[in-house]
Student: 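Would you mind keeping the following structure in view while I ask a few things?
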Amino acid sequence: MSQRVKPRVSRGLRDLLPEEMMARQSMVDTIRRVYETYGFSPISTPAIEYLEVLTGSAAGEEAQHSIFTVSNPEEEALGLRFDLTVPLARVMAQHRALPRPFRRYQVAPVWRADKPDKGRYREFTQFDLDSVGTVSEIADTEIIAGMCDTLDALDVGGYRVRYSSRQILDAVLVFAGIPAQRSVDIFRVLDKLDKVGFEKVSKELTTGYQDKSGDVIRGLGLEHSQVARIGKFLDVRSEQRSEVVDQLRDLFAGIEGAEEAIRGVEKISRHLYALGYGDDKVTLDLSIARGLAYYTGPVFEANLEQAPQFGSVFGGGRYDGLVMRFLGERVPATGASIGVDRLLAALTHLGKIGGRTTATEVLVLNMDPSLEDDVLAMTFELRRAGIPTELYIGTAKNVGKQLKYADRTGVPLALLYGSNEKEQGIVTVKDLDAGRARSSQMESREEWIEERPGQQEIRRHDLVAEVRRILANVRANEA
RNA sequence: GCCGAGGUAGCUCAGCUGGUUAGAGCGCCUGCCUGUGGAGCAGGAAGUCGGCGGUUCGAACCCGCCCCUCGGUACCA
């Protein structure tokens, strides 16, 4: 008496079925193509890292409680990576022969043992691109340009990349008379500005407040005069980057470190203008903070204008200190990360992607056991011509069942080849989409069988050429 | 973490104040149709009623604890 095992996965984990994987792969392929035209190279790192590699960093400290720990036979302290940036820092320190600047991309799952939420899982995929070993603003510019080109290539229909810099924020602290060591907390609160508005941010910076559910949000205890200065800074807004730079220079006149910070964001803006990334795509938005502690320079993120509810789908920044703790040497780096799951959810929501559950374009029916070698030959003929083809190898013996399978999997074309066809030297091709379209207009079964919608006969001899032609037509009709 | 609502078939849900063999629609399978997907008609398979414990002659229903899901809030590298 064996107890049956309940099929299930642990909290916050999920299976990705063909429909989602097809969409995801097509999205990832598009992104990869963009990055490769920029000359970024792929790498892969283990899912499992030494716990000390993961926990030592600024990010690690914040992350420690949400690391999945793992055991091995040697009983070493191990954990699953929670992002791709910390492993990259390790790689840079460990593989000293790598050329610098080193530009890499990596698409891989990461794990965080947080409480799952809508659209937030414990295993999710990130797509990162980074340039390591250069202080040049051109590297930051390229990351921003890459974000734009990626979103253009994905045809997201309107997006905005916004950037600022940590140096600018450091200057605000000076401007408002706030000690630098409070920066992390304050930036974390400022980062919420978009979501909750200045009112709540202001409260959280000073006295704190109690939200609707009775939850207490503790304040940071700033003076009202300090918050007022922050408010003044946040009032510096314009659709035009050059305008923001000018206003900032006025406001920060005489502030220590301000001019250098301003020159940094100005340079990036100038490069972007020169490359055709205008104010319609990239904004210098001073409210961008990014919660992450390890950023040291420019920070950026991107939102979709037609799907703002999905939040920022792309984010990043410069982190010049991350490699230091492995190498004791300052290795500057800048990069960005796409939340693959979030972006995919947004694209699906916008109807930009999805639908197919298989790459198969043609299903060859297996109607007559004595013709098995013939249909098998046809199948491989099509495959060798590069047309994704499947031969029906299930148990259903009748045509109806096999067509139903074709219908369900969403294959565009079905091939029928029985004794009738063989005698005449032909193949019957069925355009299943055409049938789907006709079906709603039909009443009786007689009519349905009589018409045989979307069906035509081709010469067996011309199989590949004809199938190719019909597929091209089908695709043209879809578009 | 905090507040609230839930958990009954693959999916969506019904199940009166506790009462015998727990239901519906969709989906799935089979047949009508032995070479045509849809629609239609007929039939069929499928559930430890989230888990554990308690109250009771008797629990899907009442009580306790736990787990999970959803909504809000916090966190989000």
Side-chain angles (χ1 to χ4, degrees), chain A residues 3-4 6-12 54-55 57-67 81-86 110-122 124 126 128 184 187-189 191-192 195-196 200 204 208-218 290-295 299 311-312 315-317 319 322 337 339 342 363 365-368 371 395-411 414-421 428 430-455:
Chain A
Q3 177 83 35
R4 267 194 300 170
K6 188 175 181 181
R8 56 182 189 147
V9 296
S10 171
R11 189 173 196 212
L54 298 175
T55 56
S57 70
E61 272 164 42
E62 294 163 29
Q64 261 183 37
H65 60 282
S66 54
I67 294 177
R81 64 175 171 227
F82 53 83
D83 73 4
L84 300 178
T85 310
V86 170
V110 300
W111 295 266
R112 294 180 193 173
D114 297 330
K115 182 187 155 194
D117 209 335
K118 187 163 187 64
R120 185 174 165 189
Y121 300 91
R122 283 179 169 175
F124 58 98
Q126 290 195 329
D128 278 32
V184 173
F187 296 165
R188 198 195 67 242
V189 174
D191 198 48
K192 298 183 206 172
K195 230 172 113 186
V196 302
K200 280 190 179 172
E204 193 165 343
Y209 64 99
Q210 206 173 41
D211 76 12
K212 284 166 269 174
S213 67
D215 207 6
V216 176
I217 291 150
R218 75 186 172 84
R290 309 285 304 159
L292 182 48
Y294 61 55
Y295 288 128
V299 287
S312 74
Y319 50 96
L322 210 52
S337 175
R342 198 187 271 193
L363 178 79
L365 268 52
N366 193 354
M367 296 161 64
D368 183 342
L371 297 180
T395 52
K397 54 282 158 211
N398 47 354
V399 175
K401 290 280 161 52
Q402 298 191 26
L403 279 172
K404 189 169 181 168
Y405 171 78
D407 195 31
R408 284 199 43 190
T409 51
V411 177
L415 260 47
L416 286 73
Y417 188 80
S419 49
N420 296 348
E421 280 84 358
T428 302
K430 208 169 168 63
D431 171 354
L432 291 154
D433 289 332
R436 282 180 204 114
R438 276 300 275 140
S439 142
S440 56
Q441 305 153 11
M442 293 211 202
E443 306 274 303
S444 72
R445 179 170 180 78
E446 290 68 36
E447 203 183 341
W448 173 255
I449 295 175
E450 181 73 21
E451 184 175 318
R452 300 194 166 167
Q455 202 160 312

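Everything numeric here is computed off the predicted structure, so don't read it as measured data. Each chain gets a letter, A, B and so on, in the order the sequences are listed, and its residues count up from 1.
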Student: Start at the 5' end of RNA chain B and walk down; is the nucleotide closest to A/P453 or to A/K192 reached first?
Tutor: A/P453
Student: Distances for protein N/O vs nucleotides 27-32 of chain B N/O pairs under 3.5 angstrom?
Tutor:
{"unit_1": "B/U30", "atom_1": "OP1", "unit_2": "A/K401", "atom_2": "NZ", "d": "3.4"}
{"unit_1": "B/U30", "atom_1": "OP2", "unit_2": "A/K401", "atom_2": "NZ", "d": "3.3"}
{"unit_1": "B/G31", "atom_1": "OP2", "unit_2": "A/K401", "atom_2": "NZ", "d": "3.0"}

Student: Roughly how many Å apart are B/U21 and B/G58, using the C1' atom of each and rounding to a whole number?
Tutor: 16 Å
Student: Before you tell me yes or no, could you show the steps for A/R120 and A/K115 under side-chain contact (heavy atoms from CB on, under 4.5 Å), namely the whole-Å CA-CA distance, both residues' side-chain angles and the distance that decides it to 0.1 Å?
Tutor: CA-CA 9 Å; A/R120 185 174 165 189; A/K115 182 187 155 194; over 6 Å; no
Student: Just checking A/L365: base, sugar-phosphate only, or nothing, at a heavy-atom cut-off of under 4.0 Å?
Tutor: nothing
Student: Let me know the distance between CZ of A/R445 and P of B/U36, rounded to the nearest Å.
Tutor: 7 Å
Student: Using the P atom as the reference point in each nucleotide, state the distance between B/A46 and B/A22 in Å, no decimals.
Tutor: 13 Å
Student: In whole Å, I'd like the distance from the CZ atom of A/R112 to the P atom of B/C76.
Tutor: 11 Å
Student: Distance between the P atoms of B/U8 and B/G51, in whole angstroms?
Tutor: 10 Å
Student: Could you please name the option among B/G72, B/C33, B/A74 that lies closest to any side-chain atom of A/K115?
Tutor: B/G72
Student: Using the P atom as the point on both nucleotides, what is the distance between B/C61 and B/G7, in whole Å?
Tutor: 12 Å
Student: In sequence, state the C-alpha distance, the side-chain angles, and the governing distance for A/K200 and A/K192, and then conclude on side-chain contact (heavy atoms from CB on, under 4.5 Å).
Tutor: CA-CA 9 Å; A/K200 280 190 179 172; A/K192 298 183 206 172; over 6 Å; no
Student: Determine the interatomic distance between C1' on B/G23 and the same-named atom on B/A9; round to the nearest Å.
Tutor: 10 Å
Student: Report yes if some heavy atom in the side chain of A/Q402 is under 4.5 Å from a heavy atom in the side chain of A/N366; otherwise report no.
Tutor: yes
Student: CZ of A/R438 versus C1' of B/G38: gap in Å, rounded?
Tutor: 11 Å
Student: Could you list all N or O pairs between the protein and nucleotides 65-69 of chain B that sit under 3.5 Å apart?
Tutor:
{"unit_1": "B/U69", "atom_1": "OP2", "unit_2": "A/R11", "atom_2": "NE", "d": "2.8"}
{"unit_1": "B/U69", "atom_1": "OP2", "unit_2": "A/R11", "atom_2": "NH2", "d": "3.2"}

Student: Determine the contact category for A/S419: base if any of its heavy atoms lies under 4.0 Å from a base atom, sugar-phosphate if only primed atoms, P, OP1 or OP2 are that close, otherwise nothing.
Tutor: base
Student: When only distance counts, do a donor and an acceptor, one from the side chain of A/Q455 and one from the base of B/U36, lie under 3.5 Å apart?
Tutor: yes
Student: So if I define the base as every atom that isn't primed, P, OP1 or OP2, how would nucleotides 5-12 of chain B read as a B/S/- string at a heavy-atom cutoff under 4.0 Å?
Tutor: --------
Student: Can you tell me how far CG of A/L432 sits from CZ of A/R408, rounded to the nearest 0.5 angstrom?
Tutor: 14.0 Å
Student: Taking donor-acceptor contacts at under 3.5 Å, does the side chain of A/D368 reach the base of B/G35?
Tutor: no
Student: Answer yes or no: is there a side-chain heavy-atom contact under 4.5 Å between A/R342 and A/S312?
Tutor: yes
Student: Please, what dot-bracket string fits RNA chain B when only Watson-Crick and G-U pairs with both distances under 3.5 Å count, crossing ones use [ ] and pairs to another strand use |?
Tutor: (((((((..((((.....[...)))).(((((.......))))).....(((((..]....))))))))))))....
Student: Can A/W448 be said to stack with the base of B/A39, given centres closer than 5.5 angstrom and planes under 30 degrees apart?
Tutor: no
Student: Rounding to an integer number of angstrom, what distance separates B/C67 and B/A74 when you compare their C1' atoms?
Tutor: 22 Å
Student: Identify whether the distance between the nearest side-chain nitrogen and carboxylate oxygen of A/K404 and A/D407 falls below 4.0 Å.
Tutor: no
Student: Grab the CZ-C1' distance between A/R452 and B/G35 for me, whole Å please.
Tutor: 7 Å
Student: Rounded to whole Å, please give me the gap between CD in A/E450 and P in B/G37.
Tutor: 14 Å
Student: Indicate, with a heavy-atom threshold strictly under 4.0 Å, whether A/G400 touches base, sugar-phosphate, or nothing.
Tutor: sugar-phosphate
Student: Thinking salt bridges, do A/D83 and A/R112 make one under a 4.0 Å N-O criterion?
Tutor: no
Student: Measure CZ/A/R120 against P/B/G71 and give the value in whole Å, please.
Tutor: 13 Å
Student: Verify side-chain contact (heavy atoms from CB on, under 4.5 Å) between A/V86 and A/R81, making sure each step is shown before the conclusion.
Tutor: CA-CA 8 Å; A/V86 170; A/R81 64 175 171 227; over 6 Å; no
Student: Between A/L416 and A/V399, is the side-chain contact (heavy atoms from CB on, under 4.5 Å) condition met? List the steps.
Tutor: CA-CA 9 Å; A/L416 286 73; A/V399 175; 4.2 Å; yes
Student: Hey, are the side chains of A/W448 and A/P453 touching, using non-hydrogen atoms and a 4.5 Å cut-off?
Tutor: yes
Student: Hey, does A/F124 have a side-chain heavy atom less than 4.5 Å from the side chain of A/V110?
Tutor: yes
Student: Would you mind reporting whether A/L363 and A/T409 have side-chain heavy atoms less than 4.5 Å apart?
Tutor: no
Student: CD1 of A/I449 versus P of B/G38: gap in Å, rounded?
Tutor: 11 Å
Student: Considering only heavy atoms and no angle criterion, is a donor-acceptor pair shorter than 3.5 Å present between the side chain of A/E451 and the base of B/G38?
Tutor: no
Student: Base, sugar-phosphate, or nothing for A/E421, non-hydrogen atoms under 4.0 angstrom?
Tutor: base
Student: Between B/C11 and B/U20, how far apart are the two C1' atoms, rounded to whole Å?
Tutor: 30 Å
Student: Is A/R188 side chain donor-acceptor paired with the B/C76 base, going by distance under 3.5 Å alone?
Tutor: no
Student: Take atom P in B/C33 and the same atom in B/G37, then report the distance between them in whole Å.
Tutor: 13 Å
Student: Give the rounded distance in Å between these two atoms: CD of A/E204 and P of B/A74.
Tutor: 8 Å
Student: For A/Y121, which residues count as a ring pair (Phe, Tyr, Trp, His ring centres under 6.0 Å) partner, sequence neighbours excluded?
Tutor: none
Student: Considering only nitrogen or oxygen atoms on both sides, find all protein atoms under 3.5 Å from nucleotides 43-45 of chain B and state each distance.
Tutor:
none

